[in-house]
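Just follow the structure's listing: the first ligand is 1, and inside any ligand the first atom is 1. Note: hydrogens, waters and symmetry copies are ignored here, and every other heavy atom, side chains too, is used.
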Amino acid sequence: MAEKNMNATLTFGDKTITMPMYSPVRGPDVIDIRKLYAEGDVFTYDPGFTSTAACDSKITYIDGDKGELLYRGYPIEQLAEKSHFLESCFLLLYGNLPSAAEMADFNARVTRHTMVHEQMHYFFRGFRRDAHPMATMVGVMGAMSAFYHDSTDITDPWQREVASIRMIAKLPTIAAMAYKYSVGQPFVYPKNDLDYAANFLHMCFAVPCEDYVVNPILSRAMDRIMMLHADHEQNASTSTVRLAGSSGANPFACIAAGIACLWGPAHGGANEACLQMLREIGTVDRIPEFIKRAKDKNDPFRLMGFGHRVYKNFDPRATVMKQSAAEVLDLLGVHNNPTLQVAKELERIALEDEYFIEKKLYPNVDFYSGIILDAMGFPTSMFTPIFAVSRTVGWISQWKEMVEDPTQRIGRPRQLYVGEPARDYIDIEKR
Ligand code: SDX
């Protein structure tokens with residue numbers, strides 16, 4: 001972070017506060033307000049953190065106006081075309097693309113951690129079969145600290161590394177177990193001769209009664225979906241993980257908090273809500289009715305999969321996902337998929353509509369992902385768990401960056417208090 005020679009001066013009442021400004025490698029300059037309360041006895045006010053940089057980070061950069069997403073400086077489009085998910089995990093975690101030897105070692109370490117403790121099978125049995133897989137995942141992830149005590153000391157670099165590898169390796173297994181449990185099928189163990197995405201598909205769709213051969217088209221599409229969702233700067237769930245981690249909580253508890261936050265339909269839950277919306281629309285002729293509702297201030301309905309706090313241009317992930325959706329459906333021989341037709345027409349109409357243009361609402365990562373996952377055979381309830389599997393490496397990379405920052409302190413925002421002034425207790429007989 002290069003310190004800028006310019007200062008920001010804030011004058012209010014009889015006070016003038018001068019604060020340093022910093023210039024990032026990319027993106028807006030920042031004003032360091034850390035001494036504002038001590039010197040000016042005032043807080044800044046930014047619910048939703050629209051204008052707040054909560055940390056400095058080297059991991060992911062987003063340019064909302066250009067529709068640009070970089071993982072450690074590499075454009076997502078290039079990674080989606082030339083890389084694979086586990087290589088992107090190495091890049092996000094350690095900061096550079098791996099050599100062939102480093103990639104082989106990383107792959108071997110992740111592979112060796114894909115099984116979960118056998119006792120976890122019994123932990124799953126405590127849930128109802130019809131529990132939402134996200135509920136199961138939040139519970140099981142939180143319980144990981146009850147199974148892996150030897151990697152919960154965040155002050156030990158080796159334990160941080162082991163916990164990171166364990167979570168990247170085990171999340172697909174846990175997500176697949178959540179799916180199998182919800183459909184009443186036996187759990188399928190990971191296979192060390194399959195790559196990350198193929199292993200996940202195998203654990204989800206194989207059954208003991210017959211061999212299951214992973215379709216390479218689906219495996220490549222799954223790998224690409226995982227890569228596109230891997231990290232995204234300081235989004236809600238990542239900020240949740242950082243805040244939980246700032247108290248010194250163990251890494252499993254922090255990632256469980258991230259999964260819980262991701263579940264919301266305004267965030268990672270949007271992919272499930274988006275496919276449900278596309279199905280509710282059903283046919284192209286009903287699109288205008290839903291566009292009208294999305295624009296109606298009195299109607300809470302929003303176009304799921306549209307809009308973004310940062311992207312005021314196309315979400316570059318949506319562009320890749322749209323292309324992938326068409327390829328996968330075509331290669332699977334699923335032509336004229338009604339949901340894809342509705343999605344494409346909805347996108348076309350919305351992008352020509354004054355309301356969406358004025359508010360800069362474009363399809364986001366969740367708009368097309370559900371169509372691919374649906375074509376793969378996943379129920380909508382598994383869409384957000386798959387997002388969580390992908391985002392785990394981003395959460396962990398951001399958590400590690402924060403824990404390893406010697407200047408980091410516990411996060412503790414303040415508030416604008418608008419409640420009752422101090423008042424005396426009144427005995428119940430006098431109320
Ligand atoms: C993800 O942050 C990340 O990086 C998240 C994510 C990641 O990788 O981690 O990218 C993943 O969460 C993608 C977003 C998925 N969510 C959805 O698709 C749900 C639908 N979208 C919205 O709810 C909304 O767009 C948000 C939550 C994504 C963004 O909300 P903001 O930034 O708070 O914007 P806003 O709600 O203030 O909307 C601005 C205006 C409002 O109108 P006005 O009050 O100004 O008149 O745009 C309107 C909104 O009503 N608007 C929409 C809309 N999204 C915003 N109107 C109709 N349909 C929509 N989808």
Side chains of Arg279 and Thr339, donor plus acceptor under 3.5 Å: no
Identity and separation of the nearest protein heavy atom to atom 41 (C) of ligand 1: Arg302 NH2, 4.1 Å
Identity and distance of the protein heavy atom lying nearest atom 57 (C) of ligand 1: Ala294 O, 3.6 Å
Residue Leu361 vicinity, atoms of ligand 1 by number, heavy atom under 4.0 Å: 47 (O), 51 (N), 52 (C), 53 (C), 54 (N), 55 (C), 56 (N)
Contact (N/O only, under 3.5 Å) between Phe306 and ligand 1: yes
Arg309 and ligand 1 - part of the residue with a heavy-atom distance under 4.0 Å: both
Proximity winner for atom 60 (N) of ligand 1, if only heavy atoms of Val365, Asp315, Leu303 are counted: Leu303
Glu161 and Arg109 ion-paired at < 4.0 Å: yes
Aromatic ring pairing Phe187/His121, orientation class (parallel under 30°, perpendicular over 60°, tilted between): perpendicular
Minimum-distance protein heavy atom relative to atom 2 (O) of ligand 1: Asn235 CB, 3.4 Å
Side-chain heavy-atom pair Asn7, Met19 within 4.5 angstrom cut-off: no
Ligand-side contact atoms (ligand 1) for residue partner His308, heavy atom cut-off under 4.0 Å: 2 (O), 3 (C), 4 (O), 5 (C), 6 (C), 10 (O), 13 (C), 25 (O), 28 (C)
Heavy-atom protein contact below 4.0 Å for atom 18 (O) of ligand 1: yes
Sub-4.0 Å protein heavy atom near atom 26 (C) of ligand 1: no
Gln398 and its side chain to side chain donor-acceptor pair (under 3.5 Å) partner, picked from Asn235, Thr60, Asp231, Thr238: Asp231
Closest protein heavy atom (residue, atom, distance) for atom 16 (N) of ligand 1: Ala266 O, 2.9 Å
Ligand 1 to Asn364 polar contact by distance, N or O atoms, under 3.5 Å: yes
Which segment of Arg317 sits under 4.0 Å of ligand 1 when only heavy atoms are counted: side chain
Pair Asp405 + Arg242: basic N to acidic O under 4.0 Å: no
Gly305: numbered ligand 1 atoms lying under 4.0 Å from its heavy atoms: 17 (C), 18 (O)
Atom 15 (C) of ligand 1 [closest protein heavy-atom partner, distance rounded to 0.1 Å]: Asp366 OD2, 3.2 Å
Shortest protein contact, atom 48 (C) of ligand 1 (heavy atom only): Tyr355 OH, 3.5 Å
Side-chain donor or acceptor of Arg309 paired with backbone N/O of Gly48 under 3.5 Å: yes
Protein residue, atom and distance nearest to atom 47 (O) of ligand 1, heavy-atom basis: Lys359 CD, 3.6 Å
Proximity flag Arg391 to ligand 1, non-hydrogen atoms under 4.0 Å: yes
Trace of the side chain to side chain donor-acceptor pair (under 3.5 Å) decision for Asn364 with Tyr311: CA-CA 8 Å; Asn364 59 47; Tyr311 289 122; over 6 Å; no
Contact partition for Lys297 relative to ligand 1, non-hydrogen atoms under 4.0 Å: side chain
Distance, nearest 0.5 Å, that separates CD1 of Ile165 from NE2 of His113: 7.0 Å
Pair Arg286 + Glu289, salt bridge at N-O below 4.0 Å: yes
4.0 Å protein heavy-atom contact status of atom 34 (O) of ligand 1, strictly under: no
Euclidean distance, Met137 CE relative to His132 NE2, rounded to 0.5 Å: 11.0 Å
Ser369 side chain near Phe383 side chain, heavy-atom distance below 4.5 Å: no
Region of Ile62 that comes within reach of ligand 1 [heavy atoms, distance under 4.0 Å]: neither
Pairs involving residues 294-305, ordered by first then second residue, that meet salt bridge (Lys or Arg N to Asp or Glu O under 4.0 Å) (sequence neighbours left out): Arg293-Asp299, Lys295-Asp353
N/O donor-acceptor pair under 3.5 Å between Asp46 side chain and Thr50 backbone: yes
Those atoms of ligand 1 less than 4.0 Å from some heavy atom in Ala270: 15 (C), 16 (N), 17 (C), 18 (O)
Output field: ring centroids Phe43/Tyr37 closer than 6.0 Å: yes
Under-4.0 Å heavy-atom contact between protein and atom 39 (C) of ligand 1: no
Per-atom contacts, ligand 1 versus Met304 - under 4.0 Å to a heavy atom: 18 (O), 19 (C)
Protein contact to atom 28 (C) of ligand 1 [nearest heavy atom, distance to 0.1 Å]: Gly307 O, 3.7 Å
Whether Pro265 lies under 4.0 Å from ligand 1, heavy atom: yes
